[in-house]
Peer 1: 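Take a look at the following structure, please.
Read the numbers this way: they start at 1 and go in the same order the structure lists the ligands and their atoms.
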Amino acid sequence: MVLFGGAGDLTKRKLVPALFNLVKANLLPKDFAVLGFSVDELGLEQFRNQVTGFLPPSDRQTVAWEWFTERLHYARGDFADPDAFNALSNRLGELDVSYHTQGNYLFYLATASKFFAPIVQQLGRLGLSRQENGGWRRVVIEKPFGHDLESAQALNREIKGILDENQIYRIDHYLGKETVQNIMVFRFDNAIFEPLWNRRYIDHIQITNAETVGVERRGGYFDNAGTLRDMVPNHMMQLLSLTAMEPPVSFRADAVRNEQAKVLHAVQTLDSEEVLHSSVRGQYGEGVVETETVPGYRMEPGVSPESRTETFVALKLNIDNWRWAGVPFYLRTGKRLAKRHTEITIHFKQTPFELFRNAPFHKLHTNTLVIQIQPVEGISLSFGAKIPGAVLRVGSVDMSFEYSKYFGAEAYTGYEVLLYDCMIGDATLFQRADMVEAGWRVVNPVLDVWKALPPRRFPNYTAGSWGPRAADELMEHDHRQWRTIGA
Ligand code: BG6
């Protein structure tokens with residue numbers, strides 16, 4: 001496995017810990033080695049110490065740790081330098097012989113996106129992308145995959161000139177989350193929900209991704225991207241497509257991805273007028289998040305003091321198909337919000353006749369099914385129940401399932417399943433070219449209108465709140481409201 005960007009943050013925080021978890025679970029082949037490749041001048045010991053720095057101290061000096069660290073190697077090189085790739089190719093040849101990896105190479109591009117195409121070019125030039133004599137060559141590509149529809153299409157064209165689609169693994173780490181994978185099991189392995197999963201019974205769907213963090217050390221990247229690009233075409237569209245897709249005919253990669261792509265293509269693209277009514281952008285100002293006073297976005301390192309980049313997005317989308325016609329999907333995602341919380345909520349319709357409407361204290365309620373993605377992972381269903389007592393009162397109660405209570409808490413990074421699947425050649429949890437492009441097709445009109453009409457009142461929400469007032473108005477306009485996410 002070659003880790004381009006081997007000295008970077010993703011390698012240390014996620015990839016190496018995930019690989020190590022695979023070692024502990026006995027899911028890595030014994031003929032295995034990692035070659036970190038990046039521009040940093042590092043000695044072998046330094047590299048090994050650096051990348052294992054995020055492993056829990058209790059795992060150090062164990063047999064598994066020794067086995068793993070012996071297999072970590074490093075080569076220094078500039079991604080723009082063809083000579084560095086010549087040397088890399090020779091080095092790979094040597095490691096292939098020492099570790100009997102039989103020419104099976106997994107290239108992981110954990111680099112800035114501007115290097116994706118040039119690295120693939122170099123792999124092509126050196127024949128490292130050619131699959132022959134039974135060996136496989138696969139390339140994992142991190143996000144951001146393009147910065148709009150056109151650039152994503154161009155990147156697809158470039159890499160597909162060198163690699164077959166089945167060699168390309170476009171990663172979206174949301175698909176590594178247990179609860180995200182569970183959406184499919186929940187929907188298609190239970191007989192009771194799917195019959196209700198349509199316009200006849202569902203009023204609308206909300207998808208919320210709230211973060212309490214700001215831009216951390218990524219101001220430079222983020223200020224050019226913004227929340228719309230950073231979160232919507234990828235993570236939010238994955239959540240939407242898994243919630244809205246038709247049942248696939250099998251669990252094979254293309255059967256699943258065909259259905260995801262189909263529903264993404266059915267998302268109505270907004271015209272300019274609709275962008276004005278169906279989208280909201282926001283940027284946080286100074287505030288208090290979970291008792292800590294934090295600076296406004298414009299004060300963050302790497303961010304321009306006059307920045308007009310959005311850190312919050314809310315969208316109302318419609319899907320043009322028989323299942324979802326007339327059922328709006330409301331999406332919101334933002335940084336420095338009140339609470340870290342990601343969920344999908346299915347809001348069912350009112351009963352056709354409100355039998356208890358005249359009961360004293362009757363509170364109007366509807367059934368909601370909440371799929372909680374993080375930090376709590378679980379599913380809960382709320383329904384009306386009689387409150388005990390002589391006077392008829394109806395309230396809302398919950399039936400809920402929490403992953404950790406049933407299965408215990410696992411210290412997984414979410415990358416384990418993705419790396420493992422990639423090694424066994426299962427692309428179900430990776431994005432195909434058409435899916436990535438379909439995601440960009442949805443956000444492109446919003447990008448265009450926002451660019452033409454720069455925001456006038458940024459910052460427009462306080463850090464630690466639930467986003468700009470306009471996001472609530474988006475719902476109020478439709479006589480709905482965002483689900484209250486408790487403390
Ligand atoms: C990344 C974005 O892809 O996802 C970040 O670039 C964001 O800006 C992160 O914070 C959210 O991931 P998670 O797993 O913490 O929800």
Peer 1: Ignoring hydrogens and angles, state whether a donor on the side chain of Arg332 or Thr208 is under 3.5 Å from an acceptor on the partner side chain.
Peer 2: yes

Peer 1: List below, pair by pair, the N or O atoms of ligand 1 and of the protein that are less than 3.5 Å apart, including the distance to 0.1 Å; reply 'none' if no pair qualifies.
Peer 2:
from     : atom 1 : to     : atom 2 : distance (Å)
ligand 1 : 3 (O)  : Lys143 : NZ     : 2.8
ligand 1 : 3 (O)  : His235 : NE2    : 2.7
ligand 1 : 4 (O)  : His235 : NE2    : 3.4
ligand 1 : 6 (O)  : Lys143 : NZ     : 2.8
ligand 1 : 6 (O)  : Arg218 : NH2    : 2.7
ligand 1 : 6 (O)  : Asp230 : OD1    : 2.6
ligand 1 : 6 (O)  : Asp230 : OD2    : 3.3
ligand 1 : 8 (O)  : Arg218 : NH1    : 3.0
ligand 1 : 8 (O)  : Asp230 : OD2    : 2.5
ligand 1 : 8 (O)  : Lys335 : NZ     : 2.9
ligand 1 : 10 (O) : Glu211 : OE1    : 2.5
ligand 1 : 10 (O) : Glu211 : OE2    : 3.3
ligand 1 : 10 (O) : Lys335 : NZ     : 3.1
ligand 1 : 12 (O) : His173 : NE2    : 3.1
ligand 1 : 14 (O) : His173 : NE2    : 2.8
ligand 1 : 14 (O) : Lys177 : NZ     : 2.6
ligand 1 : 16 (O) : Tyr174 : OH     : 2.4
ligand 1 : 16 (O) : Gln374 : NE2    : 2.6

Peer 1: Between Phe68 and Phe20, what is the ring plane arrangement, given parallel below 30°, perpendicular above 60°, and tilted in between?
Peer 2: tilted

Peer 1: So, using ring pair (Phe, Tyr, Trp, His ring centres under 6.0 Å) as the criterion, who are the partners of Tyr461 when residues are at least two apart?
Peer 2: Phe312

Peer 1: Apply the test side chain to side chain donor-acceptor pair (under 3.5 Å) to residues Arg298 and Gln283: give CA-CA distance (whole Å), side-chain angles for both, the deciding distance (0.1 Å), then the verdict.
Peer 2: CA-CA 9 Å; Arg298 290 176 176 179; Gln283 187 193 77; 3.1 Å; yes

Peer 1: If you apply the rule side chain to side chain donor-acceptor pair (under 3.5 Å), what do you find for His235 with Asp172, and how did you get there?
Peer 2: CA-CA 7 Å; His235 310 323; Asp172 183 316; 2.7 Å; yes

Peer 1: Is it the case that Arg170 places NZ or CZ above or below the six-membered ring of Phe430, under 6.0 angstrom from the centre and within 45 degrees of the axis?
Peer 2: no

